[in-house]
Amino acid sequence: QVQLVESGGGLVQPGGSLRLSCAASGSIFNINAMGWYRQAPGKQRELVATITSGGSTKYADSVRGRFTISRDNAKNTVYLQMNSLKPDDTAAYSCNAVILKDAWSSWSDYWGQGTQVTVSS
């Protein structure tokens with residue numbers, strides 16, 4: 001089994017910062033892309049940022065310049081540093097990873113359970 005466990009969410013004032021972490025564990029042979037998505041109440045889930053195994057990154061326009069995605073391949077962990085947070089960033093944030101469980105499997109998508117980020121004064 002593969003598990004993704006997120007941490008680091010919470011309540012923060014506008015302009016503040018939070019750092020999310022997501023660790024993948026279990027039967028893992030290799031990890032390709034990892035990323036963060038978010039879903040606000042009444043809205044569709046949207047991509048926040050992704051990072052490849054080689055370190056190439058992609059950001060949503062709404063977060064570029066404020067959020068930074070990074071990963072530690074040795075720890076199978078992806079991070080999201082969120083600065084200058086705005087009320088519009090309030091959402092449930094979920095991590096995603098494209099994982100190969102063994103040399104005979106196919107690449108599959110895995111999701112964490114989500115962590116709530118609330119930006120409010």
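Only a predicted model underlies this, so the values are computations on that prediction, with no experimental measurement involved.
How far OG of Ser56 is from CD1 of Ile51: 8.0 Å, rounded to the nearest 0.5 Å. The OG1 atom of Thr77 sits 8.0 Å away from the CD1 atom of Ile31 when rounded to the nearest 0.5 Å.
Side-chain contact between Tyr93 and Gln116 is absent, with no heavy atoms from C-beta onward closer than 4.5 Å. Residues Leu100 and Asn32 have side chains not in contact (no heavy-atom distance under 4.5 Å, counting atoms from C-beta outward). Side-chain atoms of Asn76 and Ile28, non-hydrogen and from C-beta on, do get closer than 4.5 Å to each other. Trp107 has its side chain out of reach of Ile99: every pair of non-hydrogen atoms, C-beta onward, lies at least 4.5 Å apart.
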Distance-only check: which donor-acceptor pairs under 3.5 Å involve side-chain atoms of residues 42-50, not counting sequence neighbours?
unit_1: Glu46; atom_1: OE2; unit_2: Arg38; atom_2: NE; d: 2.6
unit_1: Glu46; atom_1: OE2; unit_2: Arg38; atom_2: NH2; d: 3.1

Using residues 7-27 as the side-chain source, report each donor-acceptor pair under 3.5 Å to any protein atom, sequence neighbours left out, with the distance given to one decimal.
unit_1: Ser17; atom_1: OG; unit_2: Asn83; atom_2: OD1; d: 2.9

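Ile69 and Val98 sit in two unconnected hydrophobic clusters of ILVMFWY residues. Membership requires side-chain heavy atoms under 4.5 Å apart, directly or through other members. In the hydrophobic clustering of ILVMFWY residues, with side-chain heavy atoms under 4.5 Å counting as a link, Val117 and Val63 come out together. Criterion: ILVMFWY side-chain heavy atoms under 4.5 Å apart, direct or through other members. Under it, Trp36 and Val5 are not part of a common hydrophobic cluster.
Annotation: Gln3, atom CD; neighbour count of heavy atoms from other residues, nucleotides and ligands within 6.0 Å does not exceed 12.
The minimum heavy-atom distance linking Leu85 with Arg66 is given by the pair CA-NH1, 3.9 Å. The shortest heavy-atom contact between Gly114 and Ser94 is CA-OG, 3.7 Å.
The backbone N or O of Cys95 lies less than 3.5 Å from a partner atom in the side chain of Glu6, making a donor-acceptor pair. The backbone N or O of Thr90 lies less than 3.5 Å from no partner atom in the side chain of Thr118, so there is not a single donor-acceptor pair.
The salt bridge (Lys or Arg N to Asp or Glu O under 4.0 Å) analysis of residues 99-113, with sequence neighbours excluded, yields no pairs. The ring-ring contact (aromatic ring centres under 6.0 Å, His included) analysis of residues 59-79, with sequence neighbours excluded, yields no pairs. For the disulfide bond (SG atoms under 2.5 Å apart) condition, no pair includes a residue of residues 52-84, sequence neighbours left out.
Scanning for side-chain contact (heavy atoms from CB on, under 4.5 Å) contacts around Asn73 gives Arg71, with sequence neighbours left out.
Using a 4.0 Å cut-off between charged nitrogen and carboxylate oxygen, Lys86 and Asp89 do not count as a salt-bridge pair.
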